[in-house]
There are 2 protein chains.
Amino acid sequence: MDRRQKKTRDAIFQAFSKLLEKKRYEHITVQEIIDEADIGRSTFYAHFETKDELLRSMCTDIFHHVFTEDLPQEADHAYSAGSKSLELKLGHILYHLKEHHRDLKGILSSESGALFMRYFKEYLQDLFGRYMADFHANVPADYLLNHLVGSFAETVKWWITGKMECTPEEVAGFYMAVIAV
Amino acid sequence: MDRRQKKTRDAIFQAFSKLLEKKRYEHITVQEIIDEADIGRSTFYAHFETKDELLRSMCTDIFHHVFTEDLPQEADHAYSAGSKSLELKLGHILYHLKEHHRDLKGILSSESGALFMRYFKEYLQDLFGRYMADFHANVPADYLLNHLVGSFAETVKWWITGKMECTPEEVAGFYMAVIAV
DNA sequence: TAAAAATCGAACAATGTGTTTTATATCGAA
DNA sequence: TTCGATATAAAACACATTGTTCGATTTTTA
């Protein structure tokens, strides 16, 4: 990627993130992002078609980091069955999410949080699908999956938007405690 | 309330609801609502300051119906303690929500669903707060409340946006099954 | 019937969007 | 280093949407 492109992209991300901290997503204009990032109008549109796509890109970047990063802890437990394996994996995801907590606080604080949650759940859907066999509840499978995914996403939101006093391990523990079926 | 006002208000609600069925909330313009409702521009703004406020009013109307309607079943069980009392109450709420499923499908299908969910949770927060004593989990109280409220809201969303093949009682049962802590 | 209130409809300013164009600056490869 | 390719800047533009205003008209209520 061209240095200039990367520089511009980073400037936009940072400007957007900064604006999100003090303003609702809906009320942030492209012009404000441009001014904050100190770039030309046409340059912004050369990178992103819309504000929504900008948010989507930020989320995708974060998810790519969070979900595809090396999972050192997991190697030892890759074949351990059941809930402990899931708990470790979720703890690891929380650990990586924490590294982005500044960006995430901004994103989650406004309506953009709803979009983030939607994208986040798409990723989680795949992950949890692989653990569904470990759960046995007398409810429809799609309902259960929806419940597990939604609850974890809400857990993340609760953690990030709160004071984040708990460790990733503790948060994963809370989650496992309330979904134990 | 003046007949004209009621007529106009209903026309706006119906037009908005109809548009929501085929279009995303964000992409619906005030002008489209006006055209669909066949009213004057200034009339719309005499009723609602913004599109957001229109949605908020629709939600409030529905919630008022759902949460304050007579609860016939509950009279017999008002003093029964524990989870059965909660399950009955939730079943009743689901029963009333079903009466609005046409409007709700539209609202929940787009980003307006995020706003609905937020308002809905505000109401649920009060309700669940009164049952918190019945739950005992080794997690922070605010986390647990957030989990219970969020999960029920997601349950409603799953039910309304799906095929709604289950009865309110069944859905309440599913919910109780997965939150049993 | 008469005053009060709601609606209509047209015009209006203000704001934001996304595109286009031309000139300039920077990059990457030969 | 040189040169073609590419990214950016800056300004102008058409367009859509918003929210307000105002006078005329209709409907309600007393």
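Numbered from 1 within each chain, the chains take letters A, B, ... in sequence-line order.
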Rounded to whole Å, CZ of A:Arg41 lies from P of C:dG18 at a distance of 8 Å

With sequence neighbours left out, the residues meeting ring pair (Phe, Tyr, Trp, His ring centres under 6.0 Å) with A:His101 are none

The correct set of residues in residues 3-29 of chain A placing a heavy atom under 4.0 Å from DNA chain C is A:Arg3, A:Arg4, A:Thr29

TODO: May I ask you to decide whether B:Arg56 forms a salt bridge with B:Glu53, counting only side-chain N to carboxylate O separations under 4.0 Å?
DONE: no

One would report the end-axis bend of the helix from C:dT1-D:dA30 to C:dA30-D:dT1, five pairs per end and rounded to 10 degrees, as 40°

With sequence neighbours left out, the residues meeting ring pair (Phe, Tyr, Trp, His ring centres under 6.0 Å) with B:His65 are B:His96, B:His100

In whole angstroms, the gap separating P of C:dT15 from CG of A:Asp35 amounts to 14 Å

Query raised in the report: Do B:Ser85 and B:Tyr131 have side-chain N/O donor and acceptor atoms under 3.5 Å apart?
Result: yes

Could you tell me whether the side chain of A:Ser42 has a donor or acceptor atom within less than 3.5 Å of a complementary atom in the base of C:dG18? no

Under a 4.0 Å heavy-atom criterion, DNA chain D is touched by chain A from D:dT6 to D:dA10

Contact check, residues 43-52 of chain B vs DNA chain C, heavy-atom distance under 4.0 Å, returns B:Thr43, B:His47

Applied to residues 33-46 of chain A, the salt bridge (charged side-chain N to carboxylate O under 4.0 Å, His left out) test, sequence neighbours excluded, yields A:Lys18-A:Glu36

Practice prompt. Treat each ILVMFWY residue as a node, draw an edge where side-chain heavy atoms are under 4.5 Å apart, and state whether B:Leu127 and B:Tyr95 are in one component.
Written response: no

By nearest-nucleotide position on DNA chain D, the 5'-leaning member of A:Ile39 and B:Asp2 is A:Ile39

Residues at least two apart in sequence or cross-chain that pass salt bridge (charged side-chain N to carboxylate O under 4.0 Å, His left out) with B:Lys6, listed by chain then number, are B:Asp10

Return a table of donor-acceptor pairs under 3.5 angstrom between the side chains of residues 148-157 of chain A and protein atoms on other chains or two or more places apart.
unit_1: A:Ser151; atom_1: OG; unit_2: A:His147; atom_2: O; d: 2.8
unit_1: A:Ser151; atom_1: OG; unit_2: B:Ser151; atom_2: OG; d: 3.3
unit_1: A:Glu154; atom_1: OE2; unit_2: B:Lys121; atom_2: NZ; d: 3.1
unit_1: A:Thr155; atom_1: OG1; unit_2: A:Ser151; atom_2: O; d: 2.7
unit_1: A:Thr155; atom_1: OG1; unit_2: B:Tyr143; atom_2: OH; d: 2.7

In whole angstroms, the gap separating P of C:dT26 from CE of A:Met1 amounts to 19 Å

Q. Quick one: does A:Trp158's side chain have a donor or acceptor within less than 3.5 Å of a partner on B:Asn146's backbone?
A. no

* Would you check if the distance from the ring center of B:Phe63 to the ring center of B:Phe120 is below 6.0 Å? => yes

Would you list the atom pairs, donor with acceptor, under 3.5 Å between side chains in residues 108-117 of chain A and any protein atom, with sequence neighbours excluded?
unit_1: A:Ser109; atom_1: OG; unit_2: A:Lys105; atom_2: O; d: 3.4
unit_1: A:Ser109; atom_1: OG; unit_2: A:Gly106; atom_2: O; d: 2.8
unit_1: A:Ser110; atom_1: OG; unit_2: A:Tyr25; atom_2: N; d: 3.2
unit_1: A:Ser110; atom_1: OG; unit_2: A:Ser112; atom_2: OG; d: 3.0
unit_1: A:Glu111; atom_1: OE1; unit_2: A:Arg24; atom_2: NE; d: 3.3
unit_1: A:Glu111; atom_1: OE2; unit_2: A:Arg24; atom_2: NH2; d: 2.9
unit_1: A:Glu111; atom_1: OE2; unit_2: B:Arg118; atom_2: NH2; d: 2.9
unit_1: A:Ser112; atom_1: OG; unit_2: A:Ile107; atom_2: O; d: 2.6

Sorted by chain and number, sequence neighbours left out, side chain to side chain donor-acceptor pair (under 3.5 Å) with B:Arg4 holds for B:Asp2

Residues at least two apart in sequence or cross-chain that pass salt bridge (charged side-chain N to carboxylate O under 4.0 Å, His left out) with B:Glu99, listed by chain then number, are none

